[in-house]
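Before any comments, here is the structure.
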There are 2 protein chains.
Amino acid sequence: MSITIKQLKYLCAVADYQHFTKAADASFVTQSTLSAAINELELQLGVKVFERNKRSVLVTPLGKKVLVQARIILGEVEDLLSLAEDFKDPLSSELRLGVIPTVGPFLLPPMLSDLRSQFSKLKLYLKEDMSARLLTQLQDGSLDLVILALPFELPNMEVVTLMSDDFFVCLPPEHCLKEAESICQDELRGEDLLLLEEGHCLRDHALDACNIEISDSNVVYEGNSLHTLVQMVANNLGVTLLPAMAVDANILGDTGLQLKPFTGGGVNRKIGMAWRQTDPRRDEYIVLAKFIANRPTI
Amino acid sequence: MSITIKQLKYLCAVADYQHFTKAADASFVTQSTLSAAINELELQLGVKVFERNKRSVLVTPLGKKVLVQARIILGEVEDLLSLAEDFKDPLSSELRLGVIPTVGPFLLPPMLSDLRSQFSKLKLYLKEDMSARLLTQLQDGSLDLVILALPFELPNMEVVTLMSDDFFVCLPPEHCLKEAESICQDELRGEDLLLLEEGHCLRDHALDACNIEISDSNVVYEGNSLHTLVQMVANNLGVTLLPAMAVDANILGDTGLQLKPFTGGGVNRKIGMAWRQTDPRRDEYIVLAKFIANRPTI
DNA sequence: ATGCATTGATCGTTTTTTTCGATTACTATT
DNA sequence: AATAGTAATCGAAAAAAACGATCAATGCAT
């Protein structure tokens, strides 16, 4: 059919040893095998590479060129093998990770330096988008992994939960609930609730958490990032819900806003990680998931 | 044992078609064969290149790198094949040709342009040396071909005769033999014969031609090229023998020297070409030999 | 000269690998 | 629920590779 890498190896061996039998020994085959292989190669190339002489093996002028090329090929093959070798240890290569916008700025940045030190060869490409679009990209292969809020319909994906992320109510300093230790979900029913735009899952989770429908809503404005919402609260436009993750990342800064937990707890979102069931790098993703779940507290 | 070129071809085919069955068809094998080959390759690399999904075939991030490398390798293999292909037509590559000094300057130069036009890819490396040294280099493989005067002991070589090269006696204008139509060999016995240095075969042939031994010689001086001998004759230091080849190449110039053939002819040297019996380019050398033997008269 | 040692080519046999065709398992679509 | 499409898998057949033994040619030592 075609020439083989084995033939090229034998070829180089003969050139190195200038001797069929020695080359055969060094290649761990018998001389007849090597002899046949060289013959076959010469037949396929249509030219003689070696000039056999009972006394010595000479390389023809063409042979020299062929040898140069053969060594190039073998070198490239070596490169291919080491390329694969480098990939074997977990998280040692490219990882295209999609994250939802209400997680991205808060979860990953604080751990990037730790990630880098533990998986020095990892090249992380981050893509921030809303859950539905992340799923599309995961399905078509343009993302390897997504981090989003659960539950979310993820057909053919393997999903692990990374953590639970409590919601807090964020109030302006002079809000009437400012003295409360904690806030009951129903207490928010009359408040002006500030939400993200349509499509952000946090919007739905917040509505869930407050037991309200968007129809009977008192939503007065929609922001496109949590930072915007915080600014709006600071300007007395209403209240909002913030995930602990964002709070931990100091989203409030020096706004002086108040944070109240929900009474009794349990008002939260689950953060999960998902990948295609068929993805061969599953084990690596598990490693990464554990790393994220056990991240050092900030 | 190792990865094969075939596997890499299949790999690229699957990447091209994004489909095992189509790739298999395009590669003229069954799907099971191709499937097994890809599996085997992935096993050898220790990493998955494709992510199989009942719906589609995705290339893993590593897979992309592997594919790039695979295409490089296949490209280099192609280069190797075309390298060999270029070599196939006769006299299309390097030829290391050794020539004796009494032939080199006269035989080859006039035909170089014809050679070039007929064998445009031929790269001729010329080496000028005395017969014995040419033989050594031919034996050790540093020359492919030699042109020298016959007979000459050439063990393990194949030899062809290119041409016969008549000797002429070269006389100063006022020499006592100047009126002779032709010269008999014995007539030179008393002359001062100018010869090349020891080692030049022409020296021996000239002595042969004159039926004299070096012991009873009247050699007065030894030159190291035919041009030198001509100059010496022009200075009345004696007579010499010149091969027709040198005469045809106008070695006399405007010296006004006389040339006399030998009486009855048959005083000549044979010019031959030789190469190792084992040299695979034998056929090309025959082609070249015919070209030289049938060279257009100058 | 003559016998011996070396070396690559060659041959027939055995072993291994490859390839194939058929089937299976799974999925998405109708 | 049925169907069409797809890659994996399995056992059998075919092909290729590898081996061991032998041969032929050569150079070297006796």
Side-chain angles (χ1 to χ4, degrees), chain A residues 1-11 13-44 48-60 63 139-141 153-158 276-280, chain B residues 1-11 13-15 17-44 48-60 63 139-141 154-158 276-280:
Chain A
M1 168 191 181
S2 159
I3 64 174
T4 69
I5 292 170
K6 208 180 333 182
Q7 286 172 326
L8 298 182
K9 283 185 180 164
Y10 293 164
L11 194 77
V14 172
D16 289 343
Y17 289 91
Q18 299 270 316
H19 196 286
F20 275 64
T21 307
K22 285 176 192 164
D25 287 347
S27 306
F28 306 106
V29 290
T30 61
Q31 171 262 320
S32 72
T33 297
L34 180 129
S35 213
I38 298 285
N39 271 321
E40 173 70 13
L41 176 65
E42 288 180 331
L43 194 69
Q44 282 160 335
K48 289 282 172 188
V49 178
F50 297 115
E51 182 180 332
R52 286 81 145 176
N53 191 319
K54 292 292 164 183
R55 186 93 320 245
S56 61
V57 174
L58 293 175
V59 183
T60 64
Q139 284 169 328
D140 73 16
E153 185 67 20
L154 293 163
N156 302 319
M157 302 296 158
E158 185 167 356
R276 293 179 297 278
Q277 279 171 354
T278 51
D279 195 322
Chain B
M1 168 191 180
S2 158
I3 64 174
T4 68
I5 291 170
K6 209 182 330 186
Q7 287 172 325
L8 298 182
K9 282 185 181 165
Y10 293 165
L11 194 77
V14 173
Y17 288 92
Q18 301 270 313
H19 195 285
F20 274 62
T21 307
K22 286 176 191 163
D25 287 348
S27 305
F28 307 106
V29 290
T30 60
Q31 171 262 320
S32 72
T33 296
L34 181 130
S35 213
I38 298 285
N39 271 320
E40 173 70 13
L41 177 64
E42 287 180 331
L43 193 70
Q44 282 160 336
K48 289 283 171 187
V49 178
F50 296 116
E51 182 181 332
R52 285 81 145 176
N53 190 322
K54 293 291 166 184
R55 187 95 317 250
S56 60
V57 174
L58 293 175
V59 183
T60 64
Q139 283 169 329
D140 73 17
L154 293 162
N156 302 319
M157 301 296 157
E158 187 168 354
R276 291 180 298 277
Q277 278 172 353
T278 51
D279 195 320

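Predicted model only: the values in this text are computed from it and were never measured. In what follows, chains are A, B, ... by sequence order, proteins preceding strands, each numbered from 1. For the numbers below, each heavy atom of this structure counts, side chains included, while hydrogens, waters and symmetry mates do not.
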Any side-chain N or O of [X] under 4.0 Å from OP1/OP2 of [N]?
{"X": "B:Thr30", "N": "C:dC20", "answer": "yes"}
{"X": "A:Ser32", "N": "C:dT10", "answer": "no"}
{"X": "B:His19", "N": "D:dA7", "answer": "yes"}
{"X": "B:Thr33", "N": "C:dT18", "answer": "no"}
{"X": "A:Lys6", "N": "D:dA18", "answer": "yes"}
{"X": "B:Asn156", "N": "D:dG27", "answer": "yes"}
{"X": "B:Arg52", "N": "D:dA8", "answer": "yes"}

- Of B:Gln277 and B:Ser35, the one whose closest DNA chain D nucleotide lies more 5':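 On the 5' side of the pair lies B:Ser35.
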- Want to settle it: does B:Lys22 or A:Ala37 sit nearer the 5' end of DNA chain D, counting the closest nucleotide to each?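 Looking at the nearest nucleotide for each, B:Lys22 comes out on the 5' side.
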- To the nearest 0.5 angstrom, please state how far the CG atom of A:Leu11 sits from the CG atom of A:Leu34.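 These two atoms lie 9.0 Å from each other.
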Round to the nearest Å and state the distance from [X] atom [atom1] to [N] atom [atom2].
{"X": "A:Gln139", "N": "C:dA28", "atom1": "CD", "atom2": "C1'", "result": "13 Å"}
{"X": "A:Gln18", "N": "C:dT7", "atom1": "CD", "atom2": "P", "result": "13 Å"}
{"X": "B:Tyr10", "N": "C:dC20", "atom1": "OH", "atom2": "C1'", "result": "12 Å"}
{"X": "B:Gln44", "N": "C:dT17", "atom1": "CD", "atom2": "P", "result": "11 Å"}
{"X": "A:Gln31", "N": "D:dC19", "atom1": "CD", "atom2": "P", "result": "11 Å"}
{"X": "A:Leu34", "N": "D:dA18", "atom1": "CG", "atom2": "P", "result": "10 Å"}
{"X": "B:Leu43", "N": "C:dT18", "atom1": "CG", "atom2": "P", "result": "12 Å"}
{"X": "A:Glu42", "N": "C:dT10", "atom1": "CD", "atom2": "P", "result": "11 Å"}

Do [X] and [Y] come close enough that some side-chain heavy atom pair is under 4.5 Å?
{"X": "A:Met157", "Y": "A:Arg276", "value": "yes"}
{"X": "A:Val49", "Y": "A:Ile38", "value": "no"}
{"X": "B:Thr60", "Y": "B:Phe50", "value": "no"}

- Start at the 5' end of DNA chain C and walk down; is the nucleotide closest to B:Ala36 or to A:Thr21 reached first?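 Looking at DNA chain C, the more 5' nearest nucleotide goes with A:Thr21.
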- Message: Judged by each residue's nearest nucleotide on DNA chain C, which is more toward the 5′ side, B:Phe28 or A:Phe20?
- Response: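 Nearest nucleotide further toward 5': that of A:Phe20.
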- Is a side-chain N or O of A:Glu40 found less than 3.5 angstrom from the main chain of A:Gln7, in a donor-acceptor match?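 Here the side-chain-to-backbone pair does not exist.
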